[in-house]
2 protein chains.
Amino acid sequence: MKTITMADVAKHAGVSKSTVSQFLNKRYDYMGAETKGKIEKAIEELGYSPNIVARSLKQKSTKTIGVIVANILHVFSTQVIRAIEDYCNESDFQIIVCNADDDPVKEKRYIDMLRAKQVDGIIAFPTGGNVELYKKLIDAKFPVVFMDRILKDVQIPTIMTDNVKASSLAVGQLVERGYRKIGMISPPIHTCVTPRLERMDGYKQALEKNGIPLNPNLLVSGELTELADKIHNMLTQASPPEAIVASNDRVLLEVLAYTKKHHLAIPKDIALIGIDDVSFAGIYTPSLTTIAQPAFQMGKKAAELLLSLIRDKSNEEVFGIYRFEPTLITRESC
Amino acid sequence: MKTITMADVAKHAGVSKSTVSQFLNKRYDYMGAETKGKIEKAIEELGYSPNIVARSLKQKSTKTIGVIVANILHVFSTQVIRAIEDYCNESDFQIIVCNADDDPVKEKRYIDMLRAKQVDGIIAFPTGGNVELYKKLIDAKFPVVFMDRILKDVQIPTIMTDNVKASSLAVGQLVERGYRKIGMISPPIHTCVTPRLERMDGYKQALEKNGIPLNPNLLVSGELTELADKIHNMLTQASPPEAIVASNDRVLLEVLAYTKKHHLAIPKDIALIGIDDVSFAGIYTPSLTTIAQPAFQMGKKAAELLLSLIRDKSNEEVFGIYRFEPTLITRESC
DNA sequence: CTGAAAGCGCTTACAG
DNA sequence: CTGAAAGCGCTTACAG
């Protein structure tokens, strides 16, 4: 199976390679109708399809972007990827997906690999462990957009949920329902995972705004595996919370596992609101009140920004943090 | 920012491009230690990283594969992709993800694009609408592996859940629990979506094996949007089922929405088992008995087969259908 | 042990 | 309106 190239088409059509190339790139300006016809026919007959790798080498653009997520298994990442893919597809870009697993070493390997493959840009959920590398990328005017994590002192457009708002929506809803003793459960608070931090901050601010003093005993964070114990301690203390904000979907699952195991009625024994609108929120009993992140809009925006940066690498206007509003979905759990 | 090339490294190290290339490809056989040192130093000093596009053009291998799924939002697809990515990562392959949305036109566009980009192979959840195209690919010895769908008369290795077994596991469990009037609810039955067909067949076979006559009134299939009505009709007929097999996760969600809305107790009013182990199966009340598909193993196998096909394109031994055993996870819903 | 040369399949000024 | 030529950044026989 000899692969057929532009040279073959040119010979078959009786024109030069240049002319075929012009044709393929739709530079018809001065092309004779007859020439066009001959080339079309030759392409058809030979079943020619251009080699984009060769074009990429010459044009120094691969029409491909890299997307580095922490883990494609997370629903939020999946939705973001889907939105990016849809947007890119319209512009004839492809995406290479990488799972960095929150490991800076893997992240660096992927970045190097993507650059070696000459991708035109990268959208990343940065781990926080490669600040210097990202700085080099900006120095080289390599287009990058961040998603869901803020890195200090790095001039890169960043797409974020308004996490403070998310918490404030959650606390606000609980307060409105008459709860005052409101706990929060979060994954481990590392400085690099911005949403966790911001949601915690937002929780504190919202309490204050509602005139509720912060009670450290109602605040729990820890690895998923140790959360069950910590939840138990929190709920069995002298003055337990009447309501809980679950900081994300995985925490919510832990809380639900706990309430099920201990036969706690929601919202009678403990009211509940979760950040992330999980798939089963509507069919759970009771149905779960949640805060939804606009993942699709966020993914689309990330793709938009990246492609605009790819088109104009020195467009500094795009820098900054883009906040997307979460929404409250009221159901029965609080 | 001039990008630095192999020629720059060669000049800087005082050797030829060929020698640098040998070095990069670890063909150290006859290379002097001194030469090696000079090149290493030059690469280091210049911060050189090879252009893989150029290499790909010459070597006719991009170390990239395409993965065409119906929809990355489906949990099963996500898990398969994750497994593929993990496996490819070990072999220094990258994956380009495409969503064909069960649309043959989109599927064809993606296949053409991936080939133009010179990917080394494709893993696809085929729509069934591009049989001729796939046949051409095999004729051209282009490596392809199918996932989750069987296309007749196409010589392509195909990874499948043993769907008949999945249904038989489900029906078996219900029978063991004492149910005889067992219904099944399925998405629309199109011939091209193999799992639906096979699960339906498996259901029928399992009934027969258990000496239960098939009752067409206990068999429902339809679009997700019309399922609520159809479920209603099924459950309010003269002789309704005592137990239901939900053919996949999305159907299960519909059933659950229905039972919640109509305050049906599970399993008292209606017992339930779902194919696909949904994330909330354990924390639902009652917890849900499910049949799990080994998505990760399946994804890994697909990647294995594809890479082996890429290494040896005429390896016909790999053709055939690979069946993976689903497992019963017993919980409380039946 | 290392280098000169050709070539992968395109694109792009430039000449005519 | 079309073609010859150079070049993108590598790899790979081959010669020495």
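Since we're looking at a predicted model, the values are computed, not measured.
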* In whole angstrom, what separates Phe23(B)'s CZ from dT11(D)'s P? -> 13 Å
* Structure fact -> Atom CD1 of Ile43(B) and atom C1' of dC10(D) are separated, to the nearest Å, by 13 Å
* Taking only the side-chain heavy atoms of Asn51(A) (C-beta and beyond), determine which of dG9(D), dC10(C), dG3(D) contains the nearest atom. => dC10(C)
* Asked: Would a line drawn from the ring center of Phe146(B) to the ring center of Tyr134(B) be shorter than 6.0 Å?
  -> yes
* Gln94(B) and Thr64(B): side chain to side chain donor-acceptor pair (under 3.5 Å), yes or no, with the steps? -> CA-CA 5 Å; Gln94(B) 246 80 51; Thr64(B) 307; 5.6 Å; no
* Asked: In whole Å, what is the span from the CD atom of Glu34(A) to the P atom of dT2(D)?
  -> 8 Å
* Taking the side chain of Thr35(A) as its heavy atoms from C-beta onward, which of dC10(D), dC1(D), dG3(C) lies nearest to it? -> dC1(D)
* Spatial distance of atom OG (Ser16(B)) from atom CE (Met6(B)) [nearest 0.5 Å] -> 8.0 Å
* Let me know the distance between NZ of Lys63(A) and P of dT11(C), rounded to the nearest Å. => 13 Å
* To the nearest Å, how far apart are Lys36(A) NZ and dC1(D) C1'? -> 12 Å
* Structure fact -> From CD1 of Ile4(B) across to C1' of dG9(D) the rounded distance in Å is 11 Å
* To do: Output the single nucleotide from dT12(C), dG9(C), dT12(D) whose closest atom is nearest the side chain of Gln59(A).
  => dT12(C)
* Asked: Just checking Val15(A): base, sugar-phosphate only, or nothing, at a heavy-atom cut-off of under 4.0 Å?
  -> sugar-phosphate
* To do: Pick base, sugar-phosphate or nothing for Lys60(A), based on heavy-atom distances below 4.0 Å to the nucleic acid.
  => sugar-phosphate
* Asked: Do you see a donor-acceptor pair shorter than 3.5 Å between the side chains of Ser61(B) and Asp120(B)?
  -> yes
* Rounded to the nearest angstrom, tell me the gap between atom CZ in Arg55(A) and atom C1' in dG9(D). => 18 Å
* Asked: Taking atom P of dC10(C) as reference, at what distance in whole Å does atom CG of Leu24(A) sit?
  -> 8 Å
* To do: Look through every strand shown and name the nucleotide pairing with dT2(C) as Watson-Crick or G-U wobble, where both distances are under 3.5 Å.
  => dA15(D)
* To do: To the nearest 0.5 angstrom, please state how far the CD1 atom of Ile150(A) sits from the CD1 atom of Ile159(A).
  => 11.0 Å
* Structure fact -> Among the nucleotides dA4(C), dT11(C), dC10(D), whichever has the atom closest to the side chain of Ser21(A) is dT11(C)
* Asked: Pick the nucleotide of DNA chain C nearest each of Lys58(A) and Ser18(B); which residue has the one closer to the 5' end?
  -> Ser18(B)
* Which nucleotide in the list dC10(C), dC8(D), dT11(D) gets nearest to the side chain of Leu57(A)? -> dC8(D)
* Under 4.0 Å between a side-chain N or O of Thr19(A) and OP1 or OP2 of dG3(D)? -> yes
* Please check the phosphate of dG9(D) (OP1 and OP2 only) for any side-chain N or O of Thr3(B) closer than 4.0 Å. => yes
